[in-house]
Amino acid sequence: MGAVTQAGAVGAAAMVAEAAGADGLGTGGPGTGGPGTHGGDRPLLSAERLTKRYGGRIGCGDVSFELWRGEVLGIVGESGSGKSTLLSCLSGHLAPDTGRVLYDAGDGSVDTLALAEAERRRLMRTDWAFVHQNPRDGLRMGVSAGGNVGERLMGTGARHYGNIRAAALDWLARVEIAPDRIDDRPSAFSGGMQQRLQIARNLVTGPRLVLMDEPTGGLDVSVQARLLDLVRGLVREMGLSAIVVTHDLAVVRLLADRLMVMKDGHVVEQGLTDQVLDDPQHAHTQLLVSSVLQV
Amino acid sequence: MSEAGYNFAYLDEPTKRMIRRAILKGLAIPGYQVPFASREMPMPYGWGTGGVQVTAATLVPEDTLKVIDQGADDTTNAVSIRRFFQRVAGVATTTRTAQASVIQTRHRIPETPLAEGQILVYQVPIPEPLRFLEPSETETRKMHALEEYGLMHVRLYEDIARHGAIATAYAYPVQVEGRYVMDPSPIPKFDNPKLKSAAIQLFGAGREQRIYALPPHTRVVSLDFEDHPFDPAKADAPCALCGATGAYLDEVVVDDAGGRLFVCSDTDYCETRRAEGRVGAAAE
C-alpha cells in the first residue's frame, strides 16, 4: 500500500533533516522538524526533568526534551520502560513529582502543570489531542460517529447544528469513513474505523499537539498501514506536532522525525529516527532493533 | 390539629433546620445541586420523599397546602401526601392553585401563573442532567464546577441526527442565569417557559440526596441549537371539557373502538374554567 512506497520518502526527509542538524544527534533545533516545520525560534513543548515515582519505584526519571512545531517525536521502549507514564505526565493525566511541562502556543509559554484545572482542560480539548490505544477509551460508544466528532466543537461553544454536522462530514471523509455511516454508533465500526474515528474526533478543533499512545496497537498489519498513512498525511497537511508512544519500531520509522529510547524509566538514547534505528549506540537500543522479527 | 406524638410536619426540628440550610444555599446559588442528609420517610423512594422533606421543612402552621401529581389533585400520590401533612402538620389544604401558599408537585407546573409569596416544591427522581451522558458523579460535579456543558448539546445533537428534531419531550435541560445546567424534573417541555416564575421553586431529590432551587424571576433558558430552536410543543386540539387552547392535555381513551378525549392535565385549571361557564366539545 501507500505506506510502503512512502517509507523511502520519509527516509529521504530525515536525511535532509539530518544534514540540517549540525550536531547530528538531533537534540533539538528548528531544522530537525522535517518538511512540516513552520519555523519559530522556541519549542512548542518542552519537558524539564520530569520525574514520577510509584512509591520506591521510578515511573520515569529525569526526562527532558523539546518538541518543535511540525515535528513528530517517537518514544519507544519495552513494556514497563516508563513511556506511558511519561505520556500521562505530559498530558496532565498524572501529576509528576518534579519537573515542568512548558507549552508555547506562540503567545508566551505556560507551565501546563501549574495551570488552573479549568484552563488545563480547555487546553486539552482545543489545542491538544490525545489518541488512546483502545478507541473505547477515547470514544463515546453510545453516541453516533457524528456526535463523537462534534463533541469537541460543542464543548468549545458551537451551537449551530448544520455547521457541526458539516464539520463532522468533512472530517469523516478525511479519515476515509463513508458519509452514510455518520449516524452509526462506533460499536458498529471495525477496530480500524474506530481508531480513525477517534483521530477525527481529536483533530476536528485543529489542535497543534497530538499525543498518541500506541495508535496502531491491536490492529492487523494492512489496517495499520492505512492508519499510519492517514496519520502521516494529516501531520504533514496540518503541520501538527506529535508525540507517538509505541513499542513498534516500524511505526516510529514511518511516523517519527526524532526518536527517544527508554529503559527503566530513563532515556537511554535519542536522535534522528533513521540514525538511531540504523546505527544504535546503546546496548538496549541494539537489543530492541535486533529483536524485530524479519519477514 | 396535628397527630399526637409527632413533631409539627413529621420531621424533627434539627432535621428541618438542616434542610432549610440546604434550601437557602440552593436559593443563593440558583441551579446548583446542594447535597443534604436525606431522611427515611414513611413512603418508598420514588414516591416523592425529596419533595415531602422540602415541604416539611418549608411548612408553617398558617400555610395552605396543595399537592398535585401529573397536574391532578385526585391521584393516589397527591391524595396520600396531602392527607399525610393534614395529619402530621394540621395545615389547611386546598385544590385551588391561587389559594395555596405551598404547592408540592410531581411532573407538572400549574397552568395558573404563580404569584409572589407562593412556593412550588418539585419531586425530583434524578437531579443530575448529565447522569446518562457521564456515569461518574465525581466527573459530573467537576463538569458543573468548570462549566463544561458541551456534552449536553451532544445529547440534543443525537436527537436531531436520529429523529430530525430535538425529541426530548420531558426533563428538558435548562441553563439557569447563564451558569448551571439543571434538570427541571420530568415536567413536559411545554412547562419549561413557566420555570421563569414569580414564585420560589424548590427541587428535592430524596434518594439522590440533593436539593436545588430557583429564586423568583430567575432567568431560565432551555438549551437548543441556533438552527433548531427550543419549541415548547403545544397540543393541536382544545380541551374537550373546558375548551382551553393553551393548556397541557392528557389523552384519555374512552372506549374500545379507539375513541379518545383530550382533557386538561391540570384538574384545578379545568374545573375553574368550567365553573366559569366555559365548555369544551365533549361537555356540550
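Below, read A as the first sequence line, B as the second, and so on, with proteins coming before strands; counting in each chain starts at 1.
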Flag if over 12 foreign heavy atoms under 6.0 Å of [atom1], [X]:
X: Y54(A); atom1: OH; answer: yes
X: R49(A); atom1: CZ; answer: no
X: R57(A); atom1: CZ; answer: no
X: R181(A); atom1: CZ; answer: yes

Straight-line distance of [X] [atom1] to [Y] [atom2], nearest 0.5 Å:
X: E158(B); Y: R140(A); atom1: CD; atom2: CZ; value: 11.0 Å
X: Y157(B); Y: E151(A); atom1: OH; atom2: CD; value: 12.0 Å
X: F225(B); Y: H160(A); atom1: CZ; atom2: NE2; value: 10.5 Å

Toward chain A, the part of L151(B) with a non-hydrogen atom under 4.5 Å: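 L151(B) touches chain A through side-chain heavy atoms alone.
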If I measure from the heavy atoms of chain A, does R155(B) come under 4.5 Å with its side chain, its backbone, both, or neither?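 For R155(B), there is no contact with chain A at all, as no heavy atom is under 4.5 Å.
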Could you have a look at D227(B), V154(B), L146(B) and say which one has the most heavy-atom pairs with chain A under 4.5 angstrom?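 It is D227(B).
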Which of the residues G142(A), G150(A), G157(A), G146(A) is involved in the greatest number of heavy-atom pairs with chain B at under 4.5 angstrom?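 Heavy-atom pair counts peak at G146(A).
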Pick from G155(A), G162(A), S144(A) with the largest number of heavy-atom pairs that fall under 4.5 Å of chain B: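 Result: the option with the highest number of such pairs is S144(A).
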Part of L153(A) lying under 4.5 Å from any heavy atom of chain B: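 Neither part.
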Results of side-chain hydrogen bond (donor to acceptor under 3.5 Å, both in side chains) for E148(B) - residues two or more places apart only: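 For E148(B) the side-chain hydrogen bond (donor to acceptor under 3.5 Å, both in side chains) partners, ignoring immediate neighbours, are R121(A), R125(A).
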Derivation of the side-chain contact (heavy atoms from CB on, under 4.5 Å) call for M154(A) and M152(B): CA-CA 9 Å; M154(A) 291 182 252; M152(B) 215 66 244; over 6 Å; no
What orientation do Y161(A) and H228(B) show, parallel under 30°, tilted 30 to 60°, or perpendicular over 60°?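 Perpendicular: the ring planes of Y161(A) and H228(B) meet at over 60°.
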